[in-house]
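The structure displayed is predicted, hence computed values, not measured ones. In the text below, chain A, chain B and the rest are named by the order of the sequence lines, each starting its count at 1.
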Number of protein chains: 2
Amino acid sequence: MVKTKNTDLQTQERIFKAATEVFEEKGFAAARMQEIADRAEINKALLHYYFRSKELLFEAVFQVLLKKMFEKILSVFMMDISFEKKIKLYYEEHINILIKNPNLPLFLLNEISHNPELVQGIRETLRYSEMRDVIYKQHSRELRKYGIKKGELPQLMVTVVSMAIFPFAARNVMKMMMEQLGDNKSFNNFMQARKDFASDFVIAALKNRKK
Amino acid sequence: MVKTKNTDLQTQERIFKAATEVFEEKGFAAARMQEIADRAEINKALLHYYFRSKELLFEAVFQVLLKKMFEKILSVFMMDISFEKKIKLYYEEHINILIKNPNLPLFLLNEISHNPELVQGIRETLRYSEMRDVIYKQHSRELRKYGIKKGELPQLMVTVVSMAIFPFAARNVMKMMMEQLGDNKSFNNFMQARKDFASDFVIAALKNRKK
DNA sequence: TTTATCTTTGACCAGCTGGTTAAACCTTAA
DNA sequence: TTAAGGTTTAACCAGCTGGTCAAAGATAAA
């Protein structure tokens, strides 16, 4: 309970890690408690000893994965650097994270859409309105120059993040396309190249907008 | 069997429609045969009479939804019009389809990622390499002008489609952001506005690229 | 060593899930 | 009217799923 033995933490961490893997791969509905127990190499009853139910275990895992997804985005967009640098840094950092966690986007989008109550967790983690206000204050001059009105900021933000996130969600479709192409570039190479392509694309679009 | 009575088709169609709804909403793993039967207002055993198993029923539904997603994209990008017009028409048509089927993107991406064998169906429906070749032949002049090399075409294509598809996949997250904003625009208004935003954005980026 | 507390386990269970089956029902053609 | 074949149903089933529980095992303090 209060006393934290070595073994306690080891076991709980092993369960948590196994649960993360299984939930991320299969999603909540297709995930099986038995499989989590097997991967953690423990008895199934132990799962319920540490995390009362499948739902509670899932929620614990979900919160951590949600933060893994959004904390970096938030911190980058809150930084006090130029908008151009921010875009470049965002793609660099976020694509790196997603290369390490390629299942993250589809997992999060899917669970959120199937269980709207999870959205509450996002409110607290993403803090969108805060981010939006900071961005608009910091970059009012640049955004005006680019002809982005405050009402259009969501359009721009969605565009920016979709260019990084969408390819991971569509990863299997893309892999198929690349095979068919006889393209030797791996998916990861594609995403490495995308860091520059995406930032150049966004900057170019902004600099040449109809005003 | 061969004789097609009225009632046969009506029943089979009712089952198919109900199955489409349930699979699209819940996904394969969380979908329940009983719920499909209830929505079709028939006995559960009838599902197995018309479609032998859950898997077979799912595959039938999946193929139709896959075509709903991709046929329009394919036909637009195969048309003999300028690249700019093609981009505009693509967003107009595809966003219209997705507004009518908002769950389609997440459903397809998710099922494909959880069941790689379904990719075969995409090969036949999407015909990516054919599309890519046609695009590159038709627009070699324009693409050269924009400084898009053949190897970069996938980057451009993924960018274009992600701007239309991603917002639907992230629909619930976006709805939350809009509420928090106190924004009265509905999600559909956002997507209507996105038709112009996206095409202008892509065209602007192309016209101002580093070469 | 003893004792109290925390961990871990095997065995078990109720309820759900996809799927089957035999019988009833309906339609149609002879 | 009747026989045949397709359609629909209620009842049923085996296997899986999340979850429980009593007992055994480990740990550390007294």
- Message: Using a heavy-atom cut-off of 4.0 Å across all strands, would you classify B/Leu47 as base, sugar-phosphate, or nothing?
- Response: nothing

- Query: What is the ring orientation for A/Phe187 with A/Phe190, classed by angle as parallel under 30°, tilted 30 to 60°, or perpendicular over 60°?
  - Reply: parallel

- Should A/Asn43 be listed as having a side-chain N or O under 4.0 Å from OP1 or OP2 of C/dT8? no

- Query: Rounded to whole angstroms, how far apart are OH on B/Tyr50 and C1' on D/dT9?
  - Reply: 13 Å

- Task: Pick base, sugar-phosphate or nothing for B/Ala29, based on heavy-atom distances below 4.0 Å to the nucleic acid.
- Result: nothing

- Message: Distance check needed: C/dT9 P versus A/Asp38 CG, whole Å only.
- Response: 12 Å

- Query: Is A/Glu25 salt-bridged to A/Arg39, going by a charged N under 4.0 Å from an acidic O?
  - Reply: yes

- Query: Any donor-acceptor pair under 3.5 Å joining the side chain of B/Lys44 to the base of C/dG19?
  - Reply: yes

- Measure the distance from CE on A/Met33 to P on C/dG10 and round it to the nearest whole Å. 17 Å

- Provide, to the nearest angstrom, the distance between the CZ atom belonging to A/Phe51 and the P atom belonging to C/dT8. 12 Å

- Is the NZ or CZ atom of B/Lys86 positioned over B/Phe77's six-membered ring, under 6.0 angstrom from the centre and within 45° of the axis? no

- Query: Rounded to whole angstroms, how far apart are CG on B/Leu46 and C1' on C/dT21?
  - Reply: 14 Å

- Do you know which of A/Phe16, A/Phe51, A/Phe23 makes ring pair (Phe, Tyr, Trp, His ring centres under 6.0 Å) with A/Phe58? A/Phe23

- Query: Between A/Ala45 and A/Gln34, who's closer to the 5' end of DNA chain D by nearest nucleotide?
  - Reply: A/Gln34

- B/Lys44 side-chain N/O to B/Gln34 backbone N/O, donor-acceptor pair under 3.5 Å: no

- Do the side-chain N or O atoms of A/Arg32 get closer than 4.0 angstrom to the phosphate oxygens (OP1, OP2) of D/dG18? yes

- Measure from NE2 on A/His48 to C1' on D/dC21 and round the result to the nearest Å. 13 Å

- Query: How long is the line joining CD of A/Glu35 and C1' of D/dC16, in whole Å?
  - Reply: 14 Å

- Message: So, OP1 or OP2 of D/dT8: does either fall under 4.0 Å of a side-chain N or O from B/Thr11?
- Response: yes

- Query: How long is the line joining CD of B/Gln10 and C1' of D/dT8, in whole Å?
  - Reply: 15 Å

- Between D/dT8, D/dG19, C/dG19, which nucleotide gets closest to the side-chain atoms of A/Lys54? D/dG19

- Message: Using the side-chain heavy atoms of B/Tyr49, tell me which of these nucleotides is nearest: D/dT8, D/dG18, C/dG19.
- Response: D/dT8

